[in-house]
Amino acid sequence: MRIGHGYDVHRLVADRPLILGGVDISWERGLLGHSDADVLTHAVMDALLGAAGLWDIGHAFPDDDPAYAGADSLVLLDRVMEMLRSRGYRVGNVDATVLAQRPKLAPYIPQMRANLAARMGVDPDRVNVKATTEEGLGFTGAGEGMAAHAVALLEER
Ligand code: MG
């Protein structure tokens with residue numbers, strides 16, 4: 001077994017979609033980034049790559065590469081899974097936390113889990129997603145951005 005950790009941050013701005021775990025959440029602002037800026041999926045990918053000793057998503061998918069402009073992060077997760085499978089790994093489980101002051105994310109979490117689990121080829125009960133505020137503190141509390149943490153366990157086939 002191998003474990004990995006991922007952490008990511010994106011800035012919140014007007015006129016961008018808010019996509020978390022592949023769920024398009026209708027809200028007044030969204031996350032800024034080269035891809036779709038899905039901060040949750042990015043943290044999960046970094047945890048998976050970290051567990052496999054494969055550096056990080058910045059190296060797997062450079063943000064100055066036009067191929068990834070506006071990229072669907074779930075498709076990037078498919079690519080990460082191809083990298084893991086080719087090296088003989090499967091996902092044991094993933095646990096992740098999104099840090100966001102608003103909006104309330106609880107209604108969207110089952111779909112986030114289902115999306116991520118499907119792409120990783122595991123049951124949704126192996127993909128836990130939590131959301132918390134930071135009590136109005138810091139950049140997430142001020143609504144300047146969102147962050148996500150993830151840990152992943154990989155098993156060798
Ligand atoms: Mg990112």
Side-chain angles (χ1 to χ4, degrees), residues 2-84 89 91 93-106 108-109 111-122 126-134 137-154:
R2 299 177 64 130
I3 64 170
H5 166 262
Y7 175 68
D8 195 29
V9 171
H10 282 268
R11 186 181 296 274
L12 272 168
V13 296
D15 302 320
R16 282 277 298 186
L18 176 59
I19 297 171
L20 293 172
V23 181
D24 193 341
I25 296 169
S26 178
W27 198 48
E28 63 202 37
R29 289 183 297 156
L31 295 169
L32 181 64
H34 183 64
S35 67
D36 65 3
D38 182 338
V39 69
L40 169 59
T41 302
H42 291 186
V44 168
M45 288 192 283
D46 263 350
L48 295 170
L49 290 169
L54 292 172
W55 210 333
D56 62 26
I57 57 172
H59 289 83
F61 312 113
D63 69 4
D64 57 0
D65 185 335
Y68 303 118
D72 177 344
S73 294
L74 291 182
V75 173
L76 302 183
L77 178 55
D78 290 339
R79 301 271 299 276
V80 168
M81 289 307 303
E82 287 167 16
M83 295 166 70
L84 298 184
Y89 295 115
V91 173
N93 74 295
V94 168
D95 186 24
T97 305
V98 179
L99 310 179
Q101 191 65 33
R102 289 191 307 136
K104 271 260 174 276
L105 297 178
Y108 306 102
I109 283 178
Q111 189 62 53
M112 295 178 198
R113 294 179 68 176
N115 289 348
L116 294 169
R119 304 314 261 256
M120 291 188 280
V122 297
R126 289 178 180 262
V127 182
N128 196 62
V129 176
K130 306 178 293 299
T132 185
T133 73
E134 291 192 289
L137 297 169
F139 70 86
T140 72
E144 295 168 356
M146 292 185 180
H149 295 268
V151 292
L153 181 86
L154 296 183

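In each ligand, atom 1 is the first atom listed, and ligand 1 is the first ligand listed.
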Would you please name every residue forming a side chain to side chain contact (heavy atoms under 4.5 Å, CB included) with V23, sequence neighbours left out?
-> I25, Y108, Q111, M112, N115

Name all residues meeting the side chain to side chain contact (heavy atoms under 4.5 Å, CB included) criterion together with A71; count only those two or more places apart in sequence or in a different chain, and write none if there are none.
-> S35, Y68, L76

Taking side chain to side chain contact (heavy atoms under 4.5 Å, CB included) as the test, write out the residues that go with E144, two or more places apart.
-> F139, A142

Is there a donor-acceptor contact under 3.5 Å from the side chain of R16 to the main chain of L31?
-> yes

Count of protein N, O or S atoms below 2.8 Å from the Mg ion (ligand 1) equals 3

Indicate whether the side chain of H42 and that of D8 have a donor and an acceptor atom separated by less than 3.5 Å.
-> yes

Under 3.5 Å donor-acceptor, R29 side chain and G143 backbone | yes

